[in-house]
Number of protein chains: 2
Amino acid sequence: MNVECHNIIDNQMSVFSVLNQDEKELLKRNSTCTYYKKNDIIYKEGDKPSGLICLSKGKVKIFKEGVGGREQIVRMAKPVGFIGYRALFAEQNYLASAEAIEDSVICTIEKETLYKLLSTNSDLSFSIIRSLASELGFSNNRTVTLTQKHIRGRLAESLLFLKDTYGIEEDIATIKVYLSREDIANLSNMTTSNAIRTLSTFASEKIIALDGRKIKILDLKGLERISELG
Amino acid sequence: MNVECHNIIDNQMSVFSVLNQDEKELLKRNSTCTYYKKNDIIYKEGDKPSGLICLSKGKVKIFKEGVGGREQIVRMAKPVGFIGYRALFAEQNYLASAEAIEDSVICTIEKETLYKLLSTNSDLSFSIIRSLASELGFSNNRTVTLTQKHIRGRLAESLLFLKDTYGIEEDIATIKVYLSREDIANLSNMTTSNAIRTLSTFASEKIIALDGRKIKILDLKGLERISELG
DNA sequence: ATAAAATTATGTTAAAAAACATACAAATGT
DNA sequence: ACATTTGTATGTTTTTTAACATAATTTTAT
C-alpha cells in the first residue's frame, strides 16, 4: 500500500474532504501510486481513462494537438488536483494529453470505487459538479482572451495565470514554475519566436526580469494593465 | 400552473428522465414559465442565477463581451437544454449573457427544489456531471480551433456546428437556424466583413448557397475538408 | 408611405503576427 | 572533451486579418 500519495485523500482542499473516515480508507485501498519523470507522458489524446488521476506532487501540463501539430496548453495542474477527470466523467476518450513538466507523483483511483462513492455520497458529486462548472467558466474565458487579446495582452495574462496557479518564490516576485519559451508560447497561443521577443520587450520595459527560465514580476500593476487592455 | 414548458421535465432526452413520477411532479410544482421575444435578453453577464433555466422552445445564443465590447458566442442552446447552469452550479454570477434569437419559452426550476433532488438522486447528479464534462471538452476544442484555424476553416466549422446543433430543413440542405452575418462572425471569431466575404466566397465555390439568411450546404464533404485543414 | 436605422456587400489600406532565416548559447550524449 | 541536439535570441519578409470606407439593400419605426 502506497502512502506516498494519500495526501490527495486527506488534504483539506481536496474534494474528498467531504468523505468520512471509512470512505477515505476505501479510496486508499483502491488506489495506486505512480512516479513520473520530467517530460514523461501520463496519457495521450485518444487513450481511454482507467480511473481518476490525482496529482500528488509535481506539475503537469494538459495540451491538445491542433492544426499542423501545433500544441495548445489548455490547463496547468498542480497538487492537489485532478488530471483527465473530464474525459472520465464524460465517458469519452481523452481529448488532450498530459505531460509532467517536473518529476511528479500521481495517484490513480479505480473507476468502480469512485462511482460507488459517487452513488452514495451526494456531497462528493456536488464537489465534482462545482469543479467542472468552474473549469468550464475558465475555459470559456480563455477562449475569448486567446482569440481577442493581442500578443502582449495574451502573454501578460499567461504570466499572471502562472503566478496565480503556482504562486511565487520567497523573493515575492519569481513565478514558481520554470517553463520553456515554447511552453509559454503554447500556453499563450503564439509562436515561440514571438514569446521570446515579447518577454524580452517586457524585460526591457522593466515589467519583468528574466534569468534563464526564471521570470520575476517587477511591475504587477503594469502587467495587469497590459493583460486587461488586451 | 404552466404546462407550456413541462416537456422539459417529461422529455426522454432530458437529464430529468432519470427521475420518478413523484420527483417530476415536485419539479413541475416548483418551476415557472417565461416567454421571450426574439432579441430579448434572458440574463446578462454579472447577474446572479436564481434557478435552473431550461429552454423549452426557441433558440438562444450565449455570448461573452470581450476586448472593446467585441462579442464571442460560446454556445448555442436548443430545446430541450439548459441555459446558465454553469454559473448556477459553480455558485458564481453569470460569466456570459443569454439572448433569444427566436421567440422562446423558458422554464425556471427553483434552486432549492433542484438541490433537494440532487441530494437524494445520484443519477441526476451524474447526468449533470456528464453534461458539464462534455461541454468542457467542447469548449477546449473550440479554444484550439478558434485560435489556430484560419478564417475559412473557422467559418466552415461554425456552419457544420450549426447544422449539427439545429439540424437541417426538409430539403436536406438548409441549416435550420437563421443568424445575422454579425452573429455568424461572433460565433467564428472574425469581423462581420470577413464573415460576409468568406460566405460569398464559399457560395461562389458552390460549397454553399445563400438566400438572405438561409444557408444551404451544397458540398458537405468539401465543407468538412475546409474545416479539417484549418 | 417614407425616413431612419440596420444589415449586407465589396473594395482598399493598415496592422498584427506568422513564417523564415540566421546566430549563438546551453544542455545532452558519447 | 567534443559533437550533436535543443533552446534562446533577433532581424526580415510575407501572410493573414482587422480596420476603414463607401454603397446598396433590407428592415423597422413613425
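Small disclaimer: the values here were computed from a predicted structure and weren't measured. Each chain gets a letter, A, B and so on, in the order its sequence line appears, and its residues count up from 1.
- With rounding to the nearest 0.5 angstrom, the CE atom of B:Met76 is 8.0 Å from the NZ atom of B:Lys61.
- Note: CD (A:Glu182) to C1' (D:dT5) measures 14 Å, nearest angstrom.
- Straight-line distance from the CG atom of B:Asn39 to the C1' atom of D:dA29: 15 Å, rounded to whole Å.
- Using a 4.5 Å heavy-atom threshold, the side chains of B:Arg75 and A:Asn140 count as separate.
- Checked against D:dT8, D:dA18, D:dT17, the side chain of A:Arg181 finds its nearest nucleotide in D:dT8.
- Rounded to whole Å, atom P of D:dT22 lies 18 Å from atom CD1 of B:Ile196.
- Atom-to-atom, CZ of B:Arg70 to P of D:dA18 comes out at 6 Å; the value is rounded to the nearest Å.
- Counting heavy atoms from C-beta on, the side chains of A:Tyr166 and A:Lys78 come closer than 4.5 Å.
- Straight-line distance from the CD1 atom of B:Ile151 to the C1' atom of D:dT15: 12 Å, rounded to whole Å.
- Where B:Lys38 and B:Asn189 meet DNA chain D, the nucleotide closest to each residue was compared, and B:Asn189 sits on the side nearer the 5' end.
- When rounded to the nearest whole Å, the span between NZ of B:Lys149 and C1' of D:dT17 equals 18 Å.
- Residue A:Asp211 contributes atom CG, which lies 11 Å from atom P of D:dA9 at whole-angstrom precision.
- Interface limits on DNA chain C: the 5'-most and 3'-most nucleotides within less than 4.0 Å of chain A heavy atoms are C:dA16 to C:dC20.
- The side-chain contact (heavy atoms from CB on, under 4.5 Å) test with B:Pro49 is passed by exactly one of B:Tyr43, B:Tyr94, B:Tyr85: B:Tyr94.
- Which of D:dT17, D:dG7, D:dT10 sits closest to the side chain of A:Arg213 comes down to D:dG7.
- A donor-acceptor contact under 3.5 angstrom links the side chains of A:Arg70 and A:Asn189, judged on distance only.
- Per the geometry, OH belonging to A:Tyr178 stands 18 Å off C1' belonging to D:dT8, to the nearest Å.
- Atom-to-atom distance recorded for A:Leu162:CG and A:Asp183:CG is 10.0 Å, nearest 0.5 angstrom.
- Map B:Leu199 and A:Asn194 each onto its nearest nucleotide of DNA chain C; the residue landing nearer the 5' end is B:Leu199.
- Counting any heavy atom pair closer than 4.0 Å across all strands shown, B:Ser200 reaches sugar-phosphate atoms only and no base atom.
- Here D:dT17 is the nucleotide among D:dA21, D:dT17, D:dA18 with the atom lying nearest to any side-chain atom of B:His150.
- Across all strands, A:Arg154 comes closer than 4.0 Å only to sugar-phosphate atoms, never to a base (heavy-atom distances).
- Note: A:Ser158 OG to A:Arg142 CZ = 4.5 Å, rounded to the nearest 0.5 Å.
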